Structure formats: structure tokens, C-alpha cells
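Encoded as C-alpha cells, the structure appears first; notes follow it.
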Amino acid sequence: MTETRPEAARLADTLDVAIERLSGARPFAKQRHQRPVLDVAARLAAVPGGLDALYARGLAMEAAGLFRGSDWDDPSRLLPQLVGQTLQSPDRLTVALEVASLLRLLAIASGGGAHVNVHAEHARHFLTQVLALNLPHFFDQTSEADRQDSAGTAMRRDVFRFIADHIGFQDVLGILVTEIWRILEQRPIQVGPVKEMITQIAIALTREDGGIGRERLGADRLVSALFGPTNECIDDPGIDAYQMRLERLDDTALRREASGFARAMHDTGLVSDYHAAFLRWVSKYRDASFAPEALGLGGTGLDSYRKFKPLVDKLISAAVHPQTPQAVHGLAMLLERGVLHSAPIAPALERQLSMTLQPAVAARIELAFGNAVPAQTRVLAGTLEVMGQPLGVGQGATPPCQSARAIAMWALNDPDFLLHLICQVGEFDSLLMHFEGKAIASGDLPAGLAAGAPIDADPVSVLLVPHLDRVYAEMGRICAPRGGDPHRWINPEFHGWWVARDCVVAVDVLTGQLDDYDGFVTRFCQGYHPAYNGGRPVIHPQPAGIAVTDASARFVGWHAISILRVAQDTEGRTRIYFYNPNNDSGQDWGGGVTVSTHGNGERHGEASLVFEQFVSRLYLFHDDLIRPAGAGAPVPAELIESIRTLAVDSWAASRIPQDLALAGAQ
Amino acid sequence: MSIDPDKGYIALLGWSLNAIDAIDRFDRKYIVVAPPWAEEYCQQNEIPYMSWDFDRLNERSHELAHRLKEEGVDVAIPLFEETVEWAGAINSVLMDNPRLLGQSMLFRDKSLMKRRAQLGGIRVGVFEEAHDRGDVIRFLKRVNQTLLKLEGDPNDPIHFKAFDKSGTAGHRVIRTPEDVDNIPDEEFPALLESHLDGWEFAVEAWIKDRKIQFLNISEYVTLGYSVFVPATPELESWRARITEEVEKLIETFDIDFGFIHPEYFLTSDGKLYFGEVAYRPPGFNALELIERAYGFNGYQGIALMFDPKATTEEIDAFFPEEVTDAKGYAGCFGVYPRRRVISRLEVPEETQNHPYFEFHELASPAEQKVTKRTAFGTHWGLAYFFGENPHKLRDLLKAQEDLDFYI
């Protein structure tokens with residue numbers, strides 16, 4: 001009798017009927033028969049044994065045409081980042097479609113069948129990425145009662161577990177660990193998401209003790225850097241207990257603690273809460289040598305520390321707390337950069353130590369970071385981090401990239417000016433800048449691109465970006481009637497005198513078509529490539545504009561970056577090293593152009609591309625009008641040609657004017 | 001399936017994706033005759049297509065018939081009520097048989113149909129034509145006077161069916177003068193029928209060479225709500241009598257070939273009353289239920305019946321044995337929101353968890369306010385059921401009427 005059979009078996013039979021109907025239907029009639037399949041699949045997924053039944057039918061559902069006419073039809077184009085969100089959709093059929101798609105990929109990954117667009121390896125990689133990205137849901141420790149409340153949450157977790165059981169957890173952990181290391185290599189200031197992922201890994205490691213193997217090492221390094229980098233905190237005893245232990249340690253043990261913290265910090269860019277507590281403690285210790293050791297300072301850093309010890313002690317006392325551990329890394333790097341030796345910096349920091357934040361400003365900071373420590377402390381800690389790792393500034397989830405780029409550029413090139421801006425906004429909640437002699441006060445202007453102030457960025461960005469955006473927008477408004485690309489006038493006025501005064505654009509702003517592209521490329525080579533510019537290095541970071549393309553080399557949008565240096569990598573290829581205000585610079589721009597963030601001579605926070613590849617995505621740069629005699633060697637036609645090919649195969653595909661097409665044909 | 005050149009070339013009149021899908025999978029050459037809006041879709045999906053606007057200029061049917069003849073088409077199949085007389089007109093040209101046009105007119109006019117049936121000795125209820133609301137009131141009064149009702153007694157209902165509307169569209173149950181006021185003007189003229197208390201059911205009959213090739217009985221649980229196939233053994237026990245009645249229809253309406261879909265009443269005293277008959281595929285996805293129960297595609301069966309080149313062997317191989325070859329009982333329920341204000345679709349637990357429930361085609365509500373149900377047949381979508389026990393299925397379908405699918 002049908003009625004006494006397990007629900008999964010019964011629903012699976014019904015599903016087979018629906019699949020068979022869908023399978024029989026002609027392509028034009030598939031759509032009507034997809035709904036019943038999804039309806040039954042949604043019910044099946046929720047009953048015990050249902051996922052097994054769906055998994056067994058994954059390829060049959062695909063072959064029957066379940067995904068026809070939807071984005072899921074071409075799995076090679078699916079994005080793992082979107083899966084978690086789709087599984088939370090209020091529409092159960094959409095959820096069922098995603099589950100069916102995941103299980104069909106699982107079938108492909110397990111060698112159960114081939115797909116025109118996707119091979120087993122790709123499917124496997126996709127699923128491990130999905131799991132890595134959804135680790136928090138994967139470990140949802142919901143009780144049986146919670147499950148009753150939220151069938152959707154339980155189902156999502158069951159789906160992830162089901163996939164993990166088949167794919168193997170080891171792969172997921174491996175991918176996640178690699179991903180975290182790749183991000184950490186860029187030394188972002190915002191480490192919240194990374195810390196969250198490491199926490200999830202730590203939970204996973206304690207739960208899944210067996211079967212993790214060699215992936216464990218990389219994961220352990222991350223977990224220990226965050227939770228217990230040294231002998232005395234390896235058992236994660238809690239800050240208070242740890243401080244009590246410190247009282248009883250002798251100098252040898254203290255020295256081991258200091259070097260343990262420093263090693264973990266410089267290895268990962270992450271700072272343990274214990275490290276912050278330790279630094280506060282040793283900065284008041286009778287032997288002054290422990291603090292620089294805990295900061296892991298080299299020659300320059302040590303020199304700065306000794307010369308500015310009173311200031312450094314004040315900074316530690318005011319900015320370094322277990323709630324602001326990353327300030328330790330910022331301070332270490334700031335000392336190492338030697339910027340304190342620049343005359344205005346030390347007094348400017350002294351000024352900030354005595355600064356009182358406007359209530360509105362303090363409220364904005366507390367909105368973003370809470371009130372575990374005073375807003376003043378957050379801003380100071382953030383300042384140390386930005387000064388220490390200028391290229392760690394990220395724009396968060398806000399659209400404007402120019403402001404983040406500007407903050408990074410000032411931190412790198414003009415930290416005194418940055419401190420001036422921080423003080424202005426902190427004390428007056430307004431910013432005064434000048435455009436061609438005309439004063440612009442941000443406090444008098446309407447909100448710019450970021451209508452609401454960002455709250456998912458670092459403290460300095462949260463402080464400055466709303467004002468910088470308004471100033472930038474006002475400069476744009478002034479330039480609007482002039483015609484042509486407004487960056488020509490805005491960039492030097494907004495950033496500083498060092499931005500070269502001529503601006504070269506690859507496209508005609510009115511038509512959007514390429515405009516003397518070969519001339520554009522030649523000009524760039526003669527301005528930036530050491531072989532054609534007389535061997536001159538890039539002196540200051542130069543703002544530039546990139547036509548960003550996606551993994552299929554299709555145009556996505558214009559984006560602001562800065563060119564930092566041009567140099568040969570370890571392979572002898574000329575590369576451009578640049579700063580991208582995006583939170584993660586490692587991006588696939590399609591057509592073989594993959595932005596590298598480490599392993600090709602990059603310093604922390606730098607992105608790089610081989611010269612030709614970089615230029616092929618460039619659409620705007622600044623250059624000096626006059627060159628010395630001897631600079632500007634002829635640029636080989638092959639070089640220009642290879643760059644042009646990369647460009648017209650990607651973002652410029654639909655921007656080819658008549659004459660260039662002819663030139664290309666000749 | 002590849003196309004067999006020895007078999008007939010079929011024209012489908014009207015747009016039905018289900019029908020096109022079925023015939024595209026069959027072994028016969030076909031062409032879809034449909035309004036111009038279908039052209040682009042047909043081109044994109046490589047569906048053979050001829051543009052025709054059925055709404056206008058009936059006189060031009062000759063032109064369409066000759067275009068189809070030039071194309072080499074052997075027969076035209078009507079998919080909707082509106083294309084029945086077009087098919088008659090076209091087939092009378094293609095098959096050189098003028099009688100087919102006259103026959104199709106009978107199917108299109110419910111009053112002519114009823115009189116013809118009466119003339120053929122088929123038992124029908126009391127009926128009359130109505131041209132305005134006054135006619136309806138008069139009929140309602142007279143029927144109830146005949147039933148010896150006193151002033152103030154609740155009326156026995158009468159049925160109102162717009163002449164040229166198909167199935168349950170335009171079918172209204174009239175009890176009070178107020179019901180009469182609610183009839184829109186465009187539903188006149190109409191057929192009025194007395195109400196028969198009894199067992200209502202429908203028959204689907206595939207006919208070739210004046211013989212029934214397959215006869216299905218669809219049992220209504222509640223008219224306009226639910227139906228299932230095959231019927232319960234109780235109703236099936238009447239199969240021989242029903243077959244006789246359908247054979248009478250074939251004689252009376254002079255049906256050589258095709259597909260008919262008559263409705264009957266079986267009264268408590270064991271008399272079969274003829275309701276109406278249509279010469280086209282039934283609504284309420286009955287063909288899908290038949291396919292679920294028996295495994296053959298009803299549209300393909302219809303194509304076989306219409307195709308003059310179909311052979312006896314082919315037909316015998318196509319149809320299974322009635323009742324005994326059914327794999328189970330398939331039914332569907334037309335969902336209509338019971339509440340006046342709704343926010344979302346939620347299949348009731350008892351339905352969702354019932355082992356007979358298969359799936360549904362219900363859409364999420366676009367509007368929160370539900371308009372009052374007027375005629376039959378305006379359901380929001382169908383829920384499908386399948387199981388081994390016909391009585392259990394019948395009771396299950398009945399029980400759906402008291403459940404909320406939209407809350």
C-alpha cells in the first residue's frame with residue numbers, strides 16, 4: 001500500500017512522474033512542467049531521506065529540462081556567493097530550484113555524469129566554495145525546538161551538511177584557509193569578516209576532530225594567531241586570567257611572550273586580544289625593551305620607538321585596548337615606516353591625543369563600532385592603522401571609490417594632511433578644501449554619492465568619507481559645464497599638488513568611443529614604462545581610471561585606482577603595482593587578466609598586473625605636460641598592438657570607432 | 001518521433017501549448033493555425049505556423065480552407081469552442097463533405113444541440129432559450145410552479161448556460177431574481193435548463209468510423225470544483241448504458257470521426273439525462289488526468305481520430321483497455337479562495353501530507369482582495385491527486401472544498 005511507505009519514497013515516486021512529464025515536453029512547453037517538479041522537490045527536500053532521493057535524481061532533473069530558461073541552465077556561469085542568499089528566498093520554488101541545482105552539481109562532482117558546461121572538477125570547486133562561504137550556516141547549532149520554528153534554516157543547513165558529507169570537509173577547510181591567507185596577504189584594516197571565518201574554523205576544528213589532516217596546519221596558524229599565539233594564552237584563558245599570569249612571569253618568559261606575539265602578528269596581520277593586553281602591560285614595565293619586541297620592530301621601527309618613546313607610550317595607552325587589538329599592528333607598521341621622523345607628524349598626533357570629538361561625530365563612530373571603547377579611542381586606533389597600512393584602506397560596501405583612494409593616498413604620501421583632515425572633521429564635523437582657489441566646506445553641502453555615511457569601513461573612513469564625498473561631488477558639479485572628463489581638473493585639486501596636471505583619456509567622453517587609442521597607449525608607455533620614459537620611477541601615487549571587466553571580460557564600470565610603481569617582477573616581466581580601494585583586489589577581469597595580490601613581488605596591499613594587461617584596462621591617467629629631452633623613447637608597434645587587442649576584446653568591444661577598426665584591419 | 005509521410009497532415013485550430021507539445025511529439029506532420037500574436041513564438045521555437053485571426057470575418061473560412069488545402073493539410077482539429085465551426089467549415093472543404101459544416105453548427109449552439117438530441121430520442125431535461133432577463137425569470141417561476149412550490153418556499157435552481165461559451169464558463173446556477181440581475185448582457189442568448197438532482201458526470205469519447213474507440217467516464221465530485229478518472233465502480237457499473245447513450249449521440253449527430261465530450265445526469269430512478277456535448281478537448285485538464293491514469297496522450301488520440309489516413313491497427317495499438325488498464329485514479333481540484341481577503345498561498349497541511357497529493361499549479365496571489373465567484377470554472381489553479389482507491393480519492397477531493405489554500 002502506498003499509504004504506509006516512507007514519505008520520501010512516496011514523494012520520490014511523485015517526483016519521477018513530474019520529471020517524466022517535464023522530460024517528455026518539447027523545449028517550448030517545458031516551463032509549465034517545471035513548476036510541479038519544483039513543488040514536489042521542495043516537499044521532498046524537507047523530509048528525512050529526501051535529499052538522497054533528490055541527489056539520485058539530480059542529473060535526471062537537469063536532463064529533463066528543469067533549469068531550461070533560467071540562470072541555472074549554464075552552471076559554469078553560476079556564482080557561489082549567491083547561493084546562500086537564494087536558499088533564504090521566501091519563494092519556496094526558488095529555494096527548490098537552488099537545491100536541485102546544487103544536488104545536480106554534486107552528482108556531476110561525484111562523477112555521476114557529465115555536463116556540457118561543467119566538468120567534475122569545476123562542480124567540486126564550486127560546491128566547496130559554496131560551503132566555505134556558508135560556513136556559519138553550516139555549523140548552525142540550532143536545537144530541535146529552533147528547527148520547528150524555522151524549517152527553512154534547518155533545510156538549508158541540511159543541504160550544506162549533505163553536500164559536505166559527499167564532497168569531504170577537508171576540501172572546504174582547505175579552500176577557506178587559502179582564501180583567508182590570500183586576503184590577509186593584502187593586510188586589510190578591516191579584519192572583521194576574516195576573524196569571523198577563523199572563528200568558524202576554530203569551531204569546526206573542535207567538532208570535526210578526525211579526517212582533517214594536512215589542511216589543519218594552515219588553519220591552526222590562523223586560529224592560534226587570533227586566540228592563543230603564545231605559551232601563556234594558548235589555552236585561551238581570558239584577558240583577566242592572562243594578566244594575572246603575567247604578574248608571575250620572569251623576564252625570559254616575558255621575552256618569549258613578546259616574540260611569540262610579534263611573530264604571529266607579522267605572519268598574519270592579525271592581532272590577538274591578548275597581544276593588546278600584553279603591550280599595555282609591558283609598556284609600563286620597568287624594562288622598556290619588551291614593548292618594541294612585542295611590536296616586532298626592525299631597525300627603523302626601533303629607532304622611531306626610541307626617539308619618540310613618550311609619544312608612543314601615550315599612543316599605546318590611548319589607542320591600544322583588547323577591543324582595538326589591530327591598533328598594535330598599525331602602530332608597529334607606523335613606526336617601521338619612519339613617518340614619525342617627518343617633522344609635523346609627532347605634534348599632529350599629540351594634537352589628536354588631546355582632540356575632543358563633536359557629539360555628532362562621536363555618535364557616527366559609535367553607530368559603526370559600538371561603545372565598548374570611547375569613539376575617541378576608535379578614531380585614534382583607526383588613525384594608527386591607516387598610517388601604518390595605507391594600502392589596507394577599503395571602501396566597504398559603499399559605491400564611492402575616490403574617497404577611499406584619497407585616504408590611502410594621503411596616508412601613504414601626505415600623512416600630515418590626513419591628520420589635518422581627521423582633526424578638522426573630528427572637531428568641526430566639516431571639511432574645508434579648495435578648488436581652483438574657491439573654498440568648499442563640506443558641512444554646507446548636501447550628501448554626496450554615499451547618501452548615508454558608511455558604517456562598514458575603518459574608523460577613519462567612517463569619519464571622513466561622508467565629507468570627502470560631498471566635496472568631490474561639489475567639484476564635479478563645478479566642472480560639469482566644462483565638457484570633457486572632469487577628473488582632469490578634480491584629481492589634482494582633490495588629492496594634491498603631486499598629481500600630474502595633464503590628463504589623458506582613452507575614450508571620447510561625449511560618444512564613449514575610443515579616441516586615438518594608440519596615442520593614449522604610447523603616451524602612457526612614455527610616461528610610466530621605465531624602458532620608454534628614460535628610466536624614471538613613479539614618484540608619487542598617481543590616480544588613474546580603470547575599465548573594470550568581469551570574468552567573461554565584459555565591461556562592468558569605471559573604477560578609481562592609483563598607480564604606485566612600475567618594476568620588474570621575479571620573472572623579469574615589467575609589472576604595474578597599484579592600489580585598488582576595493583576590499584579585495586584579487587579579481588578576475590577576464591581574457592586571462594587576473595589581478596595578482598601576492599607572489600609577483602607585491603608588497604602588502606598592492607595589486608599587480610603585467611604591464612600590457614594593466615594598460616589594456618586603463619582608460620584615464622595623469623601625465624606631465626613637459627618631458628625632459630631624451631625621455632619618450634619610441635614605443636614598439638607590437639606592444640601597442642598587443643595592448644589594443646586585449647582592450648578591444650574586452651571593455652572596448654563596443655567602443656571601436658570606424659577609423660580604429662580600419663587601422664586594426666591594416 | 002520522426003514524421004511518417006504515409007500518415008495524415010494535421011492542422012490545429014487555436015493556441016494550446018499542451019496540444020502543440022503533444023502533437024509535436026507525435027509522428028504526424030502538423031501546422032498550428034493561430035492568431036498573429038503567436039507568430040514570433042512559433043518562429044523562435046520552430047513550430048510550424050499559419051497566421052489566422054479567428055475572431056473576424058467568418059465568411060473568409062473558405063479562404064483558410066483553401067490555404068490549408070494548398071499546404072497539403074488532410075484535416076483540421078478544433079482545440080477550442082470558438083474554432084469548432086471553423087474546423088467544420090475547413091474539413092467540409094478538405095474532405096469534400098458539406099455535411100461537416102452543418103454538424104459543427106449544432107455543436108456550437110446549445111439550443112439547437114438540445115433539440116437535435118431530443119429529436120433523436122435522447123432524454124433531456126426541461127429547457128428553453130432565453131434572450132433577456134425576463135425569459136429567465138419566467139422560466140424560473142414556471143419550473144417552480146410545476147414543482148408545486150408555494151410563494152416564499154426556496155426555489156429549485158435552474159441552470160443558465162450562455163449559448164456559445166464552453167464548459168463551465170458562462171454556466172450559472174439561478175435561484176433568485178437577484179441572481180438573474182447579476183447576469184451580464186453579453187451572456188445572452190442562453191439556454192435555460194431545469195435542475196436535475198442526480199449524479200453528474202462527463203464522458204470523453206474518441207470516435208473513428210462511427211465507432212467508439214475509447215470511452216472514459218469522468219466523475220464529478222462537485223461540478224466546477226473537482227473531477228477524477230476512471231469513475232468509481234458504482235458509476236462504471238453503468239458503462240454499458242452510457243456507451244449506448246453515446247452511440248445514440250453518434251447516430252443523432254451523424255458523427256463519423258472525432259472526439260466528443262458530453263455531459264450526463266444519472267437520476268436516482270436510474271434514468272440518464274443528456275446535458276450537452278462539445279466537439280473538442282475538454283477543459284479542467286481532463287486529458288491530463290486520463291494520461292496520468294492510462295498513460296496515453298489524449299491529444300495524440302484525437303489526432304488519430306481525425307486523421308483520415310490512420311489505420312485500424314494503429315488505433316488498436318494506441319488505446320489501452322478501459323478501466324482495467326488504468327494504473328490508478330487521477331483527480332484534480334480547482335482551487336478558489338474561500339476568504340475575501342488573502343495574503344498568500346499555503347497548501348493546507350492535510351493536503352500537503354496526504355499520500356494522494358501530487359502537486360499543484362497554483363500561483364501566489366497578485367491581489368489581496370478576492371472578487372466574488374460568479375459563474376463556474378473560474379478557479380485559480382488546479383491541485384492534482386493520484387491514488388489507488390477511488391472512494392478515498394473522491395472523499396479527499398470533496399474535503400478540499402472546506403480547506404483554505406489562500407490565507
Side-chain angles (χ1 to χ4, degrees), chain A residues 1-48 50 54 57 61 64-66 68-69 89-97 100 148 151-152, chain B residues 1 15-26 30 32 38 40-47 49 285 288 291-293 295 297 299-300 327-330 332 344-347 349 351-364 381-389 392-393 396:
Chain A
M1 284 297 286
T2 328
E3 286 93 77
T4 55
R5 298 175 59 207
E7 232 182 331
R10 183 178 62 72
L11 284 171
D13 285 349
T14 309
L15 182 61
D16 286 336
V17 173
I19 293 174
E20 199 188 313
R21 256 190 230 184
L22 175 63
S23 167
R26 285 289 192 253
F28 56 80
K30 295 270 188 219
Q31 205 193 351
R32 203 204 127 199
H33 300 283
Q34 287 168 346
R35 257 185 100 89
V37 173
L38 293 176
D39 179 37
V40 184
R43 279 182 283 149
L44 189 53
V47 303
L54 279 173
R57 288 161 181 77
M61 288 191 285
L66 182 60
R68 221 188 149 83
S89 163
D91 177 23
R92 51 192 285 281
L93 296 191
T94 307
V95 175
L97 186 65
Q148 296 294 328
Chain B
M1 224 181 270
W15 183 258
S16 157
L17 211 51
N18 285 347
I20 298 167
D21 180 41
I23 302 303
D24 196 81
R25 285 185 273 141
F26 206 32
Y30 77 98
V32 174
E40 200 184 329
Y41 188 85
C42 287
Q43 273 173 2
Q44 282 166 3
N45 293 287
E46 297 176 348
I47 297 169
Y49 166 81
N285 288 348
E288 257 170 66
E291 182 167 11
R292 179 73 180 102
N297 183 287
Y299 288 107
Q300 295 177 352
K327 293 173 286 186
Y329 293 82
C332 67
R344 65 198 155 89
L345 163 69
E346 194 172 297
V347 178
E349 286 269 314
T351 305
Q352 185 101 252
N353 296 330
H354 197 284
Y356 280 12
F357 174 58
E358 293 212 291
F359 37 76
H360 67 78
E361 290 175 344
L362 298 167
S364 292
L382 296 171
Y384 292 86
F385 300 85
F386 185 81
E388 294 166 356
N389 183 326
K392 203 166 179 171
L393 178 63
L396 177 65

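Sequence lines set the chain letters: A, B, ... in the order given, protein chains first and strands last, and positions in each chain run from 1. Keep in mind it's a predicted model, so treat the numbers as computed, not measured.
- Put simply, of A/P36, A/A29, A/A18, the one with the most heavy-atom pairs under 4.5 Å next to chain B is A/P36.
- Remark: B/E40 CD is loosely packed, at most 12 non-hydrogen atoms of other residues, nucleotides or ligands lying under 6.0 Å away.
- To the nearest 0.5 Å, atom CZ of residue A/R26 and atom CG of residue B/N45 are 12.0 Å apart.
- Proximity to chain A is limited to the backbone of B/L362, based on heavy atoms less than 4.5 angstrom apart.
- For B/E361, the CD atom sits in a packed shell: over 12 heavy atoms of surrounding residues, nucleotides or ligands are nearer than 6.0 Å.
- B/I47 touches chain A through its side chain: at least one heavy atom from C-beta onward sits under 4.5 Å away, while N, CA, C and O do not.
- When the side chain to side chain donor-acceptor pair (under 3.5 Å) test is applied to B/Q352, the partners found at least two apart in sequence or on another chain are A/R43.
- Rounded to the nearest 0.5 angstrom, B/F357 CZ and A/T14 OG1 are separated by 9.5 Å.
- Between the CZ atom of A/F28 and the CD1 atom of B/I20 there is a distance of 6.0 Å, given to the nearest 0.5 Å.
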Going through the checks in order, is the side chain to side chain contact (heavy atoms under 4.5 Å, CB included) test met by B/F386 and A/V17?
CA-CA 11 Å; B/F386 185 81; A/V17 173; over 6 Å; no
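- Residues that satisfy the salt bridge (Lys or Arg N to Asp or Glu O under 4.0 Å) test with B/E288, not counting sequence neighbours, are A/R21, A/R32.
- Closest heavy-atom contact between B/H360 and A/D39: N-OD2, 3.2 Å.
- Heavy atoms of B/N353 lying under 4.5 Å from chain A belong to its backbone as well as its side chain.
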